[in-house]
Amino acid sequence: LNSGNIDTTDIGNVGIGKRALSQTTTAYPNTAIGILSQDSSTTGGGNTSVGGFSLSNNTQGSSNTAIGYGVMNGAKNNAVPSNVSNNTAIGSFALPSTHYYGQTAVGSGALNVDTGSVFNTAVGYLSMNQHRQGNSNVAIGTSALRYDTTGSLNTALGTNALFNHKKGDNNVAVGFQ
């Protein structure tokens, strides 16, 4: 599919922007808007990306939503079938490096370095910003769980809640720091 041209394969993709969906072969239906948006996508379907470089390295992942500049731009598939699926990321560089599924990142820099986790929810500027792996965390608020690296089953509600928490499981914090 060449962006800006009519999709002659009848597989229902929409690509707008330089190299948007340029590698797609059998994937459908995908929507990519922005330079290099879903540039590497070959067989993943049901993805929506809006913003330059959004979902640009995802090859096979499906059912992802990426809105904002650089969102999920380094998301890569580690297994066949792909594990990069059912993720939602909104905000510049939200969830850029995920390798797995079921993540929600809303806010610039949310889940910024995560590569080995599932089922985390980070809402707020820089929430769970340094999180690398650990599952089923909830961080709502600016910088909530910001420096957590490996924790699981933590809940942080409020600006800077569990801000300096590095690792550990089953913690709850409500309110500022």
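FYI, the numbering just counts along the sequence from 1. Note that this is a predicted model, so its numbers are computed, not measured.
To the nearest 0.5 angstrom, Q130 atom CD is 12.0 Å from L145 atom CG. To the nearest 0.5 Å, atoms CG (N112) and CE (M128) are separated by 12.0 Å. Taking CZ from R146 and OH from Y125, the interatomic distance works out to 6.5 Å, rounded to the nearest 0.5 Å.
L21 approaches A32 most closely through the heavy-atom pair CG-CB, 3.7 Å. When all heavy atoms of A89 and A94 are compared, the pair lying nearest together is CB-O, 3.8 Å. Considering every non-hydrogen atom in both T24 and N13, the closest pair reads CG2-ND2, 3.6 Å. The minimum heavy-atom distance linking S63 with N47 is given by the pair N-OD1, 3.3 Å. Nearest heavy atoms, M72 versus T65: SD-O, 4.2 Å. Of all the heavy atoms in L111 and P96, the pair that sits closest is O-CD, 3.7 Å.
The backbone N or O of S54 sits nowhere less than 3.5 Å from a side-chain atom of N73 that would complete a donor-acceptor pair. Here the side chain of T25 pairs a donor or acceptor atom with the backbone of T42 at under 3.5 angstrom. The backbone N or O of T121 lies less than 3.5 Å from no partner atom in the side chain of N137, so there is not a single donor-acceptor pair. Under the 3.5 Å distance criterion, the side-chain polar atoms of D39 are left unmatched by any main-chain donor or acceptor of S56. The backbone N or O of V118 lies less than 3.5 Å from a partner atom in the side chain of N135, making a donor-acceptor pair. Using modelled atom types, one side-chain atom of N64 and one backbone atom of N87 make a donor-acceptor pair closer than 3.5 Å. Between the S62 side chain and the G45 main chain, a donor and an acceptor come within less than 3.5 Å of each other.
Partners of D169 by side-chain contact (heavy atoms from CB on, under 4.5 Å), not counting sequence neighbours, listed by chain and number: S152.
Contact check for I35 versus F53: side-chain heavy atoms found under the 4.5 Å cut-off. Counting heavy atoms from C-beta on, the side chains of L126 and T142 never come closer than 4.5 Å.
Cluster annotation: V106 and I140 are assigned to the same hydrophobic cluster (Ile/Leu/Val/Met/Phe/Trp/Tyr, side-chain heavy-atom contacts under 4.5 Å, transitive). Cluster membership check: Y147 does not share its hydrophobic cluster with V113, using side-chain heavy-atom separations under 4.5 Å among Ile, Leu, Val, Met, Phe, Trp and Tyr.
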For side-chain hydrogen bond (donor to acceptor under 3.5 Å, both in side chains), just list the numbers for S117 and H131, CA-CA rounded to whole Å, side-chain angles, deciding distance to a tenth of an Å, and then say yes or no.
CA-CA 9 Å; S117 303; H131 186 79; 3.3 Å; yes

Candidate pair N58 and S41, rule side-chain hydrogen bond (donor to acceptor under 3.5 Å, both in side chains), full reasoning
CA-CA 6 Å; N58 180 47; S41 180; 5.2 Å; no

Would S49 and S37 count as a side-chain hydrogen bond (donor to acceptor under 3.5 Å, both in side chains) here? Give the steps.
CA-CA 6 Å; S49 58; S37 183; 2.5 Å; yes

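For the side chain to side chain contact (heavy atoms under 4.5 Å, CB included) criterion with N120, the lone passing option out of D114, V138, L95 is D114.
For Y101 and F119, the ring centers are positioned less than 6.0 Å apart.
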Cut-off 3.5 Å, no hydrogens considered: what does the side-chain donor-acceptor table look like for residues 157-166, sequence neighbours left out?
from : atom 1 : to   : atom 2 : distance (Å)
H165 : ND1    : D148 : OD1    : 2.8
H165 : NE2    : K167 : O      : 3.3
H165 : NE2    : N171 : ND2    : 3.1

